[in-house]
2 protein chains.
Amino acid sequence: MNKTTTQDKILDAAEQLFASTGFADTSLRQITSMAQVNLAAVNYHFGSKKELIQSVLQRYLSVLMPRLDQEFSQLLSSQKQNDLTAVLSVFIKPLLELNKVQHHGTRMFLQLLGRGYTDVQGHLRWFFNHHYGRTLDKFVLLVQQACPDLPASEIFWRLHFSLGTVVFTMASNQALQEIAAADFNENVEIEGVIHRLIPYLAAGIASPLTLSSQAH
Amino acid sequence: MNKTTTQDKILDAAEQLFASTGFADTSLRQITSMAQVNLAAVNYHFGSKKELIQSVLQRYLSVLMPRLDQEFSQLLSSQKQNDLTAVLSVFIKPLLELNKVQHHGTRMFLQLLGRGYTDVQGHLRWFFNHHYGRTLDKFVLLVQQACPDLPASEIFWRLHFSLGTVVFTMASNQALQEIAAADFNENVEIEGVIHRLIPYLAAGIASPLTLSSQAH
DNA sequence: GTCTATACAGGGATAGAC
DNA sequence: GTCTATCCCTGTATAGAC
């Protein structure tokens with residue numbers, strides 16, 4: 001019965017077009033014609049274009065987030081003191097395993113995440129906290145344990161700085177890779193970018209408090 | 001002769017609407033009706049919506065970038081070895097002086113910059129390099145002098161990571177400030193955010209090379 | 001040169017027939 | 001569930017008035 005539902009046909013087409021052209025430059029008419037379904041089907045099944053974008057991301061998140069949650073719990077229950085690099089490195093494996101979900105799944109997901117956060121501002125943030133707040137809390141706890149000297153508010157700001165780093169990098173990933181290839185003769189795959197990001201993020205989050213950052 | 005030209009009326013209205021609603025969610029009809037000019041005036045004077053966005057930013061950049069260029073040159077000619085925090089701190093004064101250009105100029109400009117980089121992807125990047133490449137080169141040189149152990153390609157990546165941090169933070173500035181106010185009872189103005197950013201960025205950029213970041 | 005009115009193609013969303 | 005026809009809004013282009 002290998003029957004592909006209308007929903008899945010739409011999701012597959014949308015994902016492909018979003019990743020290559022971006023959300024704003026992909027029309028529902030392009031999506032529905034590639035998926036060979038009626039234009040109104042998107043609004044019937046998903047409600048709106050914004051909700052379609054969320055659904056595309058959801059397919060990945062439903063695989064990734066439980067995996068991360070499990071890793072976070074495991075790290076929390078092991079009593080040892082984890083350093084920040086270890087905590088951040090937890091993301092690597094689950095992210096790369098998205099390649100099993102779909103061809104180039106990791107790249108697709110991270111680009112969608114980047115585009116989603118910047119294009120439909122505010123929308124995704126709410127969605128994320130609403131559905132995966134518990135998992136995020138575990139992560140924040142791990143970071144706090146790794147940086148016991150930082151006040152909670154400082155961790156809040158720095159984690160959002162880090163989110164910006166990741167999201168922006170992934171959204172501009174294609175352009176950055178092209179420049180890197182041209183200027184430095186480097187061929188960096190998504191995995192390489194992740195490995196470059198971790199020490200940068202770890203150092204930024206753990207940076208000591210200075211007079212200027214305390215004064216405000 | 002305190003006569004406001006059509007161009008200026010459009011720029012003022014556009015700036016206000018862009019900063020509060022974003023580029024995508026602000027229509028030309030909103031802008032022209034607030035500016036009390038004809039719809040076609042935007043295309044007549046600026047060519048397109050994208051070019052209007054650039055012009056709004058240009059008003060600030062034409063003040064900011066020469067100021068920065070001058071500061072960079074001065075720091076380069078002083079023979080002393082500058083640390084990264086000193087180099088990054090150069091941005092603070094010129095940025096805050098934008099408040100003299102316009103009411104809430106700093107906040108306006110940084111929000112526009114954030115939105116510009118994320119909303120109209122690729123466009124602003126080209127514009128920036130084309131018009132202010134010389135100034136950017138000076139900045140990169142200063143960073144290289146402050147981090148003599150880092151290869152140029154690593155600096156390239158980390159500066160783009162940092163750009164992401166800044167741009168994302170400024171684009172989501174309003175949301176972040178609201179959360180900070182609600183969760184931590186903190187009232188953080190744009191100046192406070194800048195002072196929080198600098199140690200984070202400095203630590204991230206200067207982070208030592210690890211095995212994982214060298215391997216790719 | 002500047003401004004106005006208007007036309008046009010393409011976008012997302014939706015009511016109602018089937 | 002699905003499809004057609006339609007609605008209103010967007011950015012852009014242009015003809016013609018001043």
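Everything quoted here is computed from the prediction, not taken from an experiment.
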Exercise for the section: Give the rounded distance in Å between these two atoms: CG of B:L17 and P of D:dT10. Expected result: 12 Å

Handout entry: B:T6 side chain near C:dC3 phosphate (N/O to OP1/OP2, under 4.0 Å)
Key = yes

Fill in the blank from the handout: Between B:R29 and B:Q7, the residue closer to the 5' end of DNA chain C by nearest nucleotide is B:Q7

Practice task
Whole angstrom is fine here: how far is it from NZ in B:K49 over to P in D:dT12?
Solution key: 8 Å

Problem - Proximity of B:F161 and B:F156 rings by center, below 6.0 Å - result: no

Exercise for the section: Could you check how far CZ of B:F18 sits from C1' of D:dG11, rounded to whole Å? Expected result: 12 Å

Fill in the blank from the handout: Rounded to whole Å, the CD1-P distance (B:I10 to C:dT4) equals 10 Å

Problem - Sugar-phosphate only, base, or nothing, as touched by B:T26 at under 4.0 Å among non-hydrogen atoms - result: sugar-phosphate

Problem - Length of the CD-P vector between B:Q30 and D:dT10, whole Å - result: 7 Å

Handout entry: B:R107/B:E189 ion pair, N-O < 4.0 Å
Key = no

Practice task
Provide, to the nearest angstrom, the distance between the CD1 atom belonging to A:I31 and the P atom belonging to C:dG11.
Solution key: 11 Å

Exercise for the section: Return the residues of residues 38-46 of chain B meeting this criterion: a heavy atom under 4.0 Å from some atom of DNA chain D. Order them by number, or give none. Expected result: B:L39, B:A40, B:N43

Practice task
Identify the two heavy atoms, one from B:V87 and one from B:L142, that lie closest to each other, and give their separation to 0.1 Å.
Solution key: CG1-CB, 3.9 Å

Practice task
For the pair A:H103 (side chain) and A:N99 (backbone), establish whether a donor and an acceptor sit closer than 3.5 Å, ignoring hydrogens and angles.
Solution key: no

Handout entry: Centroid separation B:F139 to B:Y132 less than 6.0 Å
Key = no

Practice task
Let me know the distance between CG of A:L28 and P of D:dC9, rounded to the nearest Å.
Solution key: 18 Å

Exercise for the section: Can you label the angle between the A:F109 ring and the A:Y60 ring as parallel, tilted or perpendicular, going by 30° and 60°? Expected result: tilted

